[in-house]
Participant: 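Can you read through this structure? Questions will come right after.
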Amino acid sequence: MDSQLKIYNSLSKDKEVFTPLIPGRVGMYVCGPTVYNNVHLGNCRTFVSFDIIYRYLLHLGYKVRYVRNITDVGHLEGDHDTGAEDKLGKMARLEQLEPMEVAQKYTVGFHDMMKIFNTLPPNIEPRATGHIPEQIEMVQTIINNGYGYEANGSVYFDTIKFAESSGMYGKLSGRKIEDLMAESRDNLKKQDEKRHPSDFAIWIKADPEHLMRWNSPWSLGFPGWHLECSAMSTKYLGTQFDIHGGGGDLKFPHHENEVAQNFGACNCNPARTWMHGNMLLLNGKKMSKSDGNSIMPEELFTGNSAHISKGYSPMVIRFFMLQTHYRSTLDLTDEALQAAEKGYRRLMEAYASLQKMTLTGDGQRSEQDGEVAALIKGVKAEMDDDFNTPKALALLFEAVSKINSWKDGHQSMAGLGESTLSALKDLFQTFLFDIFGLKDEAAAGDNHFKTLDGLMQLVIDMRQDARTRKDWPASDKIRDTLKELSIQLKDGKEGTAWTME
RNA sequence: GGUCGGGUGGCCGAGUGGCUAGGCAGAGGUCUGCAAAACCUCGUACGGCGGUUCGAAUCCGCUCCCGACCUCCA
């Protein structure tokens, strides 16, 4: 709890020592998906990043309230926030479903995928359509405070007024208000209703064909995108809270407008720390369906895609994500995934070896003990430095070399203290599973695995007998046949281990 | 065009004013019946050109290239 956790704040563009508003507690809001289609992989990366952040905060002992919304109304297709079709409404029309059926379908799919990636569920997962009264109330408050105005049944946020009174419109995304004002677009519909081009809709009067609409003091309509996050973060975390996160592409306009709305409603800045994950690229380019530069999670698992040579398991992908800092772009390539797969296995195998180890030395501590102790401290220090998972992982891999050396007798464990060894075991257990959220897929402890392992021990014994007799054809036949079945035997000093490839 | 972020060894990726992560691949070695696995050693990289400095890949300037955002996007 007394850690010196530092977090990079997009608002100040600097790393800051993290101090929660209420000691011991953290309120964290992360922008969730708009459930109009299957989650795509970039989405998953953002949520995995924040999952690790959430897990680490829990590890530090904070009582965290993690809120991640589901947006199921208000998010429009096309050019601007008026005159375009709602994403959910469009899918509903195309698939001939109720909008809520669309939302339900993709919400379930999203949850399934989050589970596959082993992310912890948020504490509250509010839906935009479940908070229409709260949003209407917020619009009214914004109007009352003089930051919103009605025009023809729609309500707009007055960005110029906000910029003048707060001086911070554009601060989060590094934009100048003059530039925003100059960004007038010819193809903008309903531009005439706005006082300034940079103003945005917080309540939109529905066209007759619009599927989702609610009564409000201004019109039969629906809330603007951005507003749901402002209303729901306020409801569950208060007008001010600790962390607001999301993908980097949400900085503008979504987050910028959120700040504005919250300020307009409460005259205060909502989140103290803004965190943004970076993009996932595919072969050096942003994923884009229209260019064919895209891959769905399922395709990644099955290998059914022209971009990859084979399938990769969810935990390999999670490990792959951990190897890059959350604020860096991550380039997904087949070669990089292969490297990640091997690295992930090596780490898991070393973990298994470590847990079985007992001390062989005399308990006299030597230099080696100090090295391991420093390593253990280092891993935590890296996570305290803005959740630096790649560096923490690098240190764990240094431990992997040591573990394998001890195991194969290349290096003596002499000089390692009992408490140091057990701290190292704890470190692996805690970081790999509790914080990084990995699972050991090979040893996915079900009954079948137990049976298989028993069977394998028998086969290994029989091969060992053959080897003792120097019956090389027999022993090699066992080894080679298993290899064809994707089971690899690994001969070591202490006998033979096996793994599934 | 505007704004921002990058260009690191074969690939992916940390980091940072001097002690020069890590993973994967490659080379050599140890071990082994052979192999695999494992371990050890090795390649001394930071787009280009200038400048600041005792010293820069790390700071500054210029330049080239790439990406993101500016419009739906995590």
Side-chain angles (χ1 to χ4, degrees), chain A residues 13 30-34 36-37 39-50 75-81 84-85 87 90 170 173-176 179-180 182-183 185 187-188 225 245-254 276-281 284-289 319-320 322-325 327-344 346-347 349-350 353 378 382 385 388-398 400-411 467 470-472 475-476 479-480 483 488-493 496-499:
Chain A
K13 300 185 178 25
V30 173
C31 286
T34 299
Y36 68 105
N37 212 332
V39 242
H40 77 98
L41 204 60
N43 242 324
C44 295
R45 144 110 127 144
T46 298
F47 299 131
V48 166
S49 294
F50 283 100
H75 203 157
L76 303 181
E77 285 270 330
D79 260 302
H80 213 262
D81 48 10
E85 195 167 10
K87 284 182 176 239
K90 182 181 178 186
S173 57
R175 251 155 261 254
K176 294 191 185 80
D179 297 343
L180 292 170
E183 261 166 32
R185 279 182 169 58
N187 60 350
L188 224 55
W225 183 45
D249 49 355
L250 290 180
K251 251 191 211 175
F252 189 87
H254 186 60
H276 291 96
N278 215 140
M279 300 294 101
L280 180 68
L281 309 177
K285 293 243 160 69
K286 180 187 159 167
M287 286 205 201
S288 156
K289 262 189 206 163
F319 175 86
F320 173 67
L322 282 163
Q323 280 185 306
T324 307
H325 189 88
R327 282 195 286 115
S328 296
T329 53
L330 171 59
D331 191 9
L332 189 109
T333 61
D334 192 52
E335 218 180 348
L337 284 170
Q338 286 191 28
E341 182 170 62
K342 292 193 177 168
Y344 163 73
R346 198 156 98 89
L347 185 65
E349 283 164 28
S353 305
E382 294 302 347
D385 184 13
N388 197 328
T389 56
K391 265 203 129 181
L393 214 47
L395 289 175
L396 287 173
F397 269 103
E398 284 183 27
V400 166
S401 290
K402 282 188 190 296
I403 290 164
N404 286 330
S405 286
W406 295 330
K407 178 173 147 251
D408 287 358
H410 290 129
Q411 195 182 332
R467 294 177 78 197
K470 295 196 193 302
D471 183 355
W472 308 127
S475 88
D476 288 353
R479 184 178 70 195
D480 297 343
K483 183 84 186 162
Q488 189 191 19
L489 295 184
K490 298 180 178 182
D491 295 325
K493 280 273 190 301
T496 300
W498 67 276
T499 53

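Hydrogens, waters and symmetry mates play no part in the numbers below; they use all other heavy atoms, side chains included. Below, chain A is the first sequence line, B the second, and so on; all start at residue 1. All values reported here derive from a predicted model rather than from experimental measurement.
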Participant: If only side-chain N and O atoms of A:R346 are considered, is one of them under 4.0 Å from the OP1 or OP2 phosphate oxygen of B:rG23?
Facilitator: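 Yes, within the criterion.
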
Participant: Is the shortest distance from a Lys or Arg side-chain nitrogen in A:D476 or A:R479 to a carboxylate oxygen in the other one below 4.0 Å?
Facilitator: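 A:R479 and A:D476: salt-bridged.
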
Participant: Compare the minimum distances between each of B:rA38, B:rG33, B:rA25 and the side chain of A:K342, then state the nucleotide with the smallest one.
Facilitator: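 Of B:rA38, B:rG33, B:rA25, B:rA25 is nearest to the side chain of A:K342.
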
Participant: Quickly, which of A:L330, A:D249, A:T46 forms a side-chain contact (heavy atoms from CB on, under 4.5 Å) with A:M279? Name it, please.
Facilitator: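 For A:M279, the side-chain contact (heavy atoms from CB on, under 4.5 Å) check succeeds only for A:D249.
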
Participant: Does A:K391 have a side-chain nitrogen or oxygen under 4.0 Å from the phosphate oxygens OP1 or OP2 of B:rG15?
Facilitator: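 It does not, given that no N or O in the side chain of A:K391 lies less than 4.0 Å from OP1 or OP2 of B:rG15.
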
Participant: Roughly how many Å is it from CZ in A:F397 to C1' in B:rG13, rounded to a whole number?
Facilitator: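 Taking CZ of A:F397 and C1' of B:rG13, I get 13 Å after rounding.
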
Participant: Could you check which residues of residues 332-341 of chain A get a heavy atom under 4.0 Å from RNA chain B? Sort them by number, please.
Facilitator: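 By residue number: A:E335, A:A336, A:A339.
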
Participant: Check the distance between B:rC34's P and A:K470's NZ and give it to me in whole angstrom.
Facilitator: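 So the two atoms are 10 Å apart, to the nearest Å.
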
Participant: Assign each of A:A394 and A:Q323 to its nearest nucleotide of RNA chain B by heavy atoms, then name whichever residue's nucleotide is nearer the 5' end.
Facilitator: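 Here A:Q323 is the residue nearer the 5' end.
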
Participant: Less than 3.5 Å between a donor and an acceptor, one on the side chain of A:H276 and one on the base of B:rA74, is that the case here?
Facilitator: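 Flag unset: no donor-acceptor pair detected.
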
Participant: In dot-bracket notation, what is the pairing pattern of RNA chain B, taking Watson-Crick (N1-N3 plus N6-O4 or O6-N4) and G-U wobble (N1-O2 and O6-N3) contacts under 3.5 Å, with [ ] crossing and | for other strands?
Facilitator: (((((((..(((.....[...))).(((((.......)))))....(((((..]....))))))))))))....

Participant: Output all residues satisfying ring pair (Phe, Tyr, Trp, His ring centres under 6.0 Å) with A:W498, sequence neighbours left out; order by chain, then residue number.
Facilitator: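 A:W498 satisfies ring pair (Phe, Tyr, Trp, His ring centres under 6.0 Å) with A:F449 once adjacent residues are dropped.
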
Participant: Scan side-chain atoms only and decide if A:T496 and A:D491 contain a donor-acceptor pair under the 3.5 Å cut-off.
Facilitator: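 Distance-only check passes for A:T496 and A:D491.
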
Participant: Please confirm whether any donor atom in the side chain of A:R479 sits under 3.5 Å from an acceptor in the base of B:rA36, or the reverse.
Facilitator: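 Looking at the base of B:rA36, it does not pair with any donor or acceptor on the side chain of A:R479 (distance under 3.5 Å).
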
